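One structure is given below, encoded as structure tokens.
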2 protein chains.
Amino acid sequence: MTSRSVSKGPEHPVLDEVGLVTVLSALAEPTRLRIVCMLAEREGERAWKDIDLPIAQSTLSHHLKILRNAGLLLNRTEGTRCFVSLRDQELESRFPGLLETVLNCRDR
Amino acid sequence: MTSRSVSKGPEHPVLDEVGLVTVLSALAEPTRLRIVCMLAEREGERAWKDIDLPIAQSTLSHHLKILRNAGLLLNRTEGTRCFVSLRDQELESRFPGLLETVLNCRDR
DNA sequence: TTCGATGATCGACGATCATCGAACATTCGA
DNA sequence: TCGAATGTTCGATGATCGTCGATCATCGAA
């Protein structure tokens, strides 16, 4: 058990215990919707520092926490760096079509 | 022009001028989501008084106003009575699949 | 071991929100 | 004309939210 310390990192909810209202609330904010959009543009992870928005670092951390608590994204810690990614597969089975539909509606 | 007074009634937004965040915000509240759900259950209009929720009448009026401003529903006044209905057709062309997907996600 | 970097958390601020009762406007019926 | 019914608006209240700077905890590198 001398594996590289998993360093517990942030907590993620079980998607079955996340309500629709929670997800909608998380998405119903311009900055957060933009983040989700950005993550959906490309497959896989995104480095924390690549999320380049005109907001304070603590504010970004706050928004990511809300998205995380809503089950929308996954936060992985590697050393001192962080990587985020969409939980799109799980979301699809818990809220079928929701993420794709919302993202599609935004592109207009 | 002696037609039955249209009694201007509440104002409704043009859907093209309604943003996605506005719609999501309107749906991201338990009482309002419930109202939309209720309206979707059956085709056509619903009488104001048929919306039976454990909230004050002024609070219901408030929520209906928010839903109306988000382009989600239509308010028709007939004399002193009011009738509400979903703008589902228009919503479908402005936000394809959104309403149906959200309602479908809730039924779980 | 110490230091710099990275992100989370804290505390505070003003803004917005959901809620209510009261007052109001409009309409129909007596 | 008067009064009851219906729904909107107003004002107030307590809660939540987005935002920030400051601080803290953790980790890798020197």
Side-chain angles (χ1 to χ4, degrees), chain A residues 2-13 19 21-36 39 45-70 72-85, chain B residues 2-13 19 21-36 39 45-70 72-85:
Chain A
T2 61
S3 63
R4 55 185 73 263
S5 67
V6 180
S7 77
K8 57 183 178 306
E11 295 176 8
H12 297 84
V21 169
T22 302
V23 176
L24 292 178
S25 298
L27 294 173
E29 203 278 334
T31 300
R32 291 196 293 265
L33 186 56
R34 192 169 163 187
I35 294 173
V36 170
L39 289 173
E45 291 181 328
R46 215 83 157 203
W48 217 94
K49 275 298 180 185
D50 286 350
I51 305 176
D52 194 26
L53 294 175
I55 55 177
Q57 169 259 357
S58 58
T59 304
L60 175 56
S61 184
H62 167 70
H63 283 309
L64 290 180
K65 182 178 186 177
I66 289 182
L67 289 172
R68 193 169 56 228
N69 289 340
L72 280 166
L73 57 82
L74 195 128
N75 228 316
R76 188 175 66 87
T77 296
E78 190 178 298
T80 134
R81 305 283 177 79
C82 258
F83 298 88
V84 291
S85 57
Chain B
T2 60
S3 62
R4 57 184 72 262
S5 69
V6 179
S7 75
K8 56 183 180 306
E11 294 176 8
H12 297 83
V21 169
T22 302
V23 176
L24 291 177
S25 297
L27 293 174
E29 204 277 336
T31 301
R32 291 196 292 264
L33 186 56
R34 193 169 162 186
I35 293 173
V36 170
L39 288 173
E45 291 182 327
R46 215 83 155 201
W48 216 94
K49 275 298 180 185
D50 285 352
I51 305 178
D52 194 24
L53 295 174
I55 56 177
Q57 168 251 12
S58 57
T59 304
L60 175 57
S61 184
H62 166 69
H63 283 309
L64 290 180
K65 183 178 186 177
I66 289 181
L67 290 172
R68 193 192 318 135
N69 288 339
L72 280 165
L73 56 80
L74 195 128
N75 228 316
R76 189 175 65 86
T77 298
E78 189 178 299
T80 137
R81 306 281 177 79
C82 258
F83 298 87
V84 291
S85 57

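Within every chain, numbering begins at 1; the chains are lettered A, B, ... in the order of the sequence lines, protein sequences first and strands thereafter. In this text, all values refer to a predicted model and were calculated from it rather than measured experimentally.
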Worksheet, complete the sentence: Taking C:dG7, D:dT8, D:dT6 as options, the one with an atom nearest any side-chain atom of A:K49 is C:dG7

Fill in: For atom CZ of B:R46 and atom P of D:dT6, their distance in whole Å
19 Å

Item to complete: For B:N69 and C:dT16, give me the distance from atom CG to atom C1', rounded to whole Å.
Response: 15 Å

Practice prompt. With sequence neighbours left out, write down each residue that passes side-chain contact (heavy atoms from CB on, under 4.5 Å) with B:R81, or none if nothing qualifies.
Written response: B:F83

Practice prompt. Starting at CG of B:L73, measure out to CD1 of B:I66 and round the result to the nearest 0.5 Å.
Written response: 11.0 Å

Worksheet item: Atom NE2 of B:H12 and atom P of D:dT8: how far apart are they, to the nearest Å?
Response: 10 Å

Worksheet item: Atom CD1 of A:I66 and atom P of C:dT9: how far apart are they, to the nearest Å?
Response: 12 Å

Fill in: Watson-Crick and G-U pairing of DNA chain D, under 3.5 Å, as dot-bracket with | and [ ]
||||||||||||||||||||||||||||||

Worksheet item: Does D:dT19 have OP1 or OP2 sitting under 4.0 Å from an N or O in the side chain of A:R32?
Response: no

Item to complete: Indicate the atoms forming the closest heavy-atom contact of B:L72 with B:A26, along with that distance.
Response: CD1-CB, 3.8 Å

Worksheet item: Tell me, for nucleotides 19-25 of chain C in 5' to 3' order, what letter each nucleotide earns: B for a base near a protein heavy atom under 4.0 Å, S for only sugar-phosphate near one, - for neither?
Response: BBBB---

Worksheet item: When you measure from the side chain of A:S61, which nucleotide among C:dA8, C:dA18, D:dT8 comes out closest?
Response: C:dA8

Discussion item. Which heavy atom of A:R46 sits nearest to which heavy atom of A:D50, and what is that distance?
Written reply: CG-CB, 4.3 Å

Worksheet item: Looking at A:K65, does any N or O in its side chain come under 4.0 Å of the phosphate oxygens OP1/OP2 on C:dT9?
Response: yes

Item to complete: May I ask you to say what A:I51 touches in the nucleic acid, namely base, sugar-phosphate or nothing, with a heavy-atom cut-off under 4.0 Å?
Response: nothing

Worksheet item: Would you say a side-chain N or O of A:R81 is under 4.0 Å from OP1 or OP2 of D:dG28?
Response: no

Discussion item. Which residues pass the side-chain hydrogen bond (donor to acceptor under 3.5 Å, both in side chains) test with B:Q57, not counting sequence neighbours?
Written reply: none

Practice prompt. Search all heavy atoms of B:L24 against all heavy atoms of A:L27 and return the closest pair with its distance.
Written response: CD1-O, 3.8 Å

Worksheet, complete the sentence: Minimal heavy-atom distance between B:C82 and B:N75, with the atoms involved, is SG-OD1, 3.8 Å

Worksheet item: Nearest-Å distance, CG (A:L67) to C1' (D:dG18)?
Response: 13 Å

Fill in: Results of side-chain hydrogen bond (donor to acceptor under 3.5 Å, both in side chains) for B:H63 - residues two or more places apart only
B:R32

Practice prompt. Using atom CD of A:E78 as one end and atom P of C:dG7 as the other, report the distance to the nearest whole Å.
Written response: 11 Å

Practice prompt. Round to a whole Å and report the spacing from CZ of B:F83 to C1' of D:dT6.
Written response: 11 Å

Worksheet item: What is the distance, rounded to the nearest whole Å, between atom CH2 of B:W48 and atom C1' of C:dT27?
Response: 16 Å

Worksheet, complete the sentence: Sorted by chain and number, sequence neighbours left out, side-chain hydrogen bond (donor to acceptor under 3.5 Å, both in side chains) with B:R68 holds for none

